[in-house]
Amino acid sequence: MQDASLQLQDDARALPFPIPANVYAERVVSVTHYTDRLFSFRITRPQSFRFRSGEFVMIGLPNAEKPVFRAYSIASPAWDDELEFFSIKVPDGPLTSELQKIAPGDVVLLRQKSTGTLVLDALTPGKRLFLIGTGTGLAPFASLVRDPETYEKFDQVILTNTCRDAAELAYGNELFSAACDDPLIGELTGGRLTYYASTTRQETAHMGRITTLIESGKLFTDLGIAPFDPATDRVMICGSMDMIRDVKALVEAAGFKEGSNSAPAEFVVERAFVG
Ligand code: A2P
């Protein structure tokens with residue numbers, strides 16, 4: 001029997017434009033709209049497509065001879081049969097203005113190589129892993145909190161999700177509930193995955209930018225945990241350029257050194273996709 005993506009490569013001959021070289025054509029499985037700014041979608045996964053949890057891949061639509069591709073963090077874990085993405089909708093964005101209209105059965109293009117620095121390999125061993133995400137910057141962490149390897153390497157995983165308002169937190173809230181309730185992943189996350197959600201433009205249980213919550217120490221006192229310690233903690237940061245700059249300055253002030261795939265260290269950063 002042919003696998004679904006090979007079948008699709010055949011079907012895709014019927015597309016208005018040829019599929020570019022080194023690109024997979026995959027089918028949309030489901031789409032969830034959270035707000036007028038945020039949505040997630042799942043697509044079929046080519047059997048030969050391998051990635052490390054936390055990496056990103058280039059995504060496009062088959063709507064031009066030379067389609068626009070944008071970097072998207074893969075939100076699903078490496079063991080998942082499908083690929084999941086969490087996206088912003090920008091009304092005049094070159095890709096998202098069209099991507100936000102996808103429906104199950106539509107074709108999405110995927111470049112064959114994934115890459116990125118928000119991977120466990122870019123961090124030296126530690127005990128607590130802080131995943132600091134704002135907006136769609138949560139996506140790579142949605143992959144990592146569902147990956148058993150994360151719990152092999154760290155005793156405690158602290159996921160923070162800061163958005164403008166309560167509705168925007170929905171993706172992260174559902175992710176956390178599912179990670180706790182899942183029969184397989186729940187065994188690993190039980191008592192070891194902590195979730196902290198805050199909003200900046202609407203009153204909710206926890207208010208404020210993550211930078212303010214770290215600086216004031218409120219993040220740590222609310223969770224009843226010790227503050228940042230480079231001897232035991234590792235940090236991953238994903239959000240807007242400004243957010244990355246500001247959180248990075250805070251962890252550097254706390255004594256953390258930035259790592260990469262070739263030189264693992266104590267924290268890593270990556271800009272969440274916009275546009
Ligand atoms: P704010 O509402 O104060 O701008 P966005 O969706 O625009 O990327 O924002 C996601 C979250 O990141 C918002 O809560 C936003 O707060 C926050 N944010 C924006 N800039 C920074 C920054 N420099 N440091 C920390 N958080 C930030």
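Residue numbers count from 1 along this sequence. As the structure is a prediction and not an experimental result, all values here were calculated from the model. Numbering of ligands and ligand atoms starts at 1, following listing order.
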>> Tell me if the aromatic rings of Phe51 and Phe56 count as close, with their centers under 6.0 Å from one another.
In response: no

>> Can you classify the ring geometry of Phe39 versus His33 as parallel (below 30°), tilted (30 to 60°) or perpendicular (above 60°)?
In response: parallel

> Under 3.5 Å, is there a donor-acceptor pair between the side chain of Arg192 and the main chain of Tyr151?
Replying inline: yes

> Which of the atoms of ligand 1 are close to Thr211, meaning less than 4.0 Å from one of its heavy atoms?
Replying inline: 24 (N), 25 (C)

>> Please determine whether any non-hydrogen atom of Cys163 lies less than 4.0 Å from an atom of ligand 1.
In response: yes

> By number and element, which atoms of ligand 1 are closer than 4.0 Å to a non-hydrogen atom of Asp242?
Replying inline: 23 (N)

>> Students should be able to answer this: which protein heavy-atom is nearest to atom 9 (O) of ligand 1, and at what distance?
In response: Arg164 NE, 4.2 Å

>> For atom 4 (O) of ligand 1, what's the nearest protein heavy-atom neighbour? Residue, atom name and distance, please.
In response: Arg201 NH2, 3.1 Å

> How does Asp246 reach ligand 1, if at all, at less than 4.0 Å between non-hydrogen atoms: by side chain, backbone, both, or neither?
Replying inline: side chain

> ligand 1 versus Arg209, non-hydrogen atoms closer than 4.0 Å: side chain, backbone, both, neither?
Replying inline: side chain

> CG of Leu169 to OG1 of Thr162: how many Å apart, nearest 0.5 Å?
Replying inline: 8.0 Å

>> Suppose we measure from atom 8 (O) of ligand 1 to each protein heavy atom; which comes out shortest, and what is that distance?
In response: Ser240 CB, 4.3 Å

> Identify the closest protein heavy atom to atom 12 (O) of ligand 1: which residue and atom is it, and at what distance?
Replying inline: Thr134 CB, 3.4 Å

>> Please identify which of these residues, Arg42, Arg45, Arg27, meets the salt bridge (charged side-chain N to carboxylate O under 4.0 Å, His left out) condition with Glu82.
In response: Arg42

> At the 4.0 Å heavy-atom cut-off, does Glu168 count as touching ligand 1?
Replying inline: no

> Looking at atom 6 (O) of ligand 1, what's its closest protein heavy atom, distance included?
Replying inline: Arg37 NH2, 3.0 Å

>> Distance check, rounded to the nearest 0.5 Å: Leu159 atom CG versus Phe176 atom CZ?
In response: 8.5 Å

> Which class fits the ring pair Tyr34 and Phe86: parallel under 30°, tilted 30 to 60°, perpendicular over 60°?
Replying inline: perpendicular

>> With a 4.5 Å cut-off on side-chain heavy atoms, are Ser87 and Tyr72 touching?
In response: yes

>> Pairs of nitrogen or oxygen atoms closer than 3.5 Å, one from Thr200 and one from ligand 1: do any exist?
In response: yes

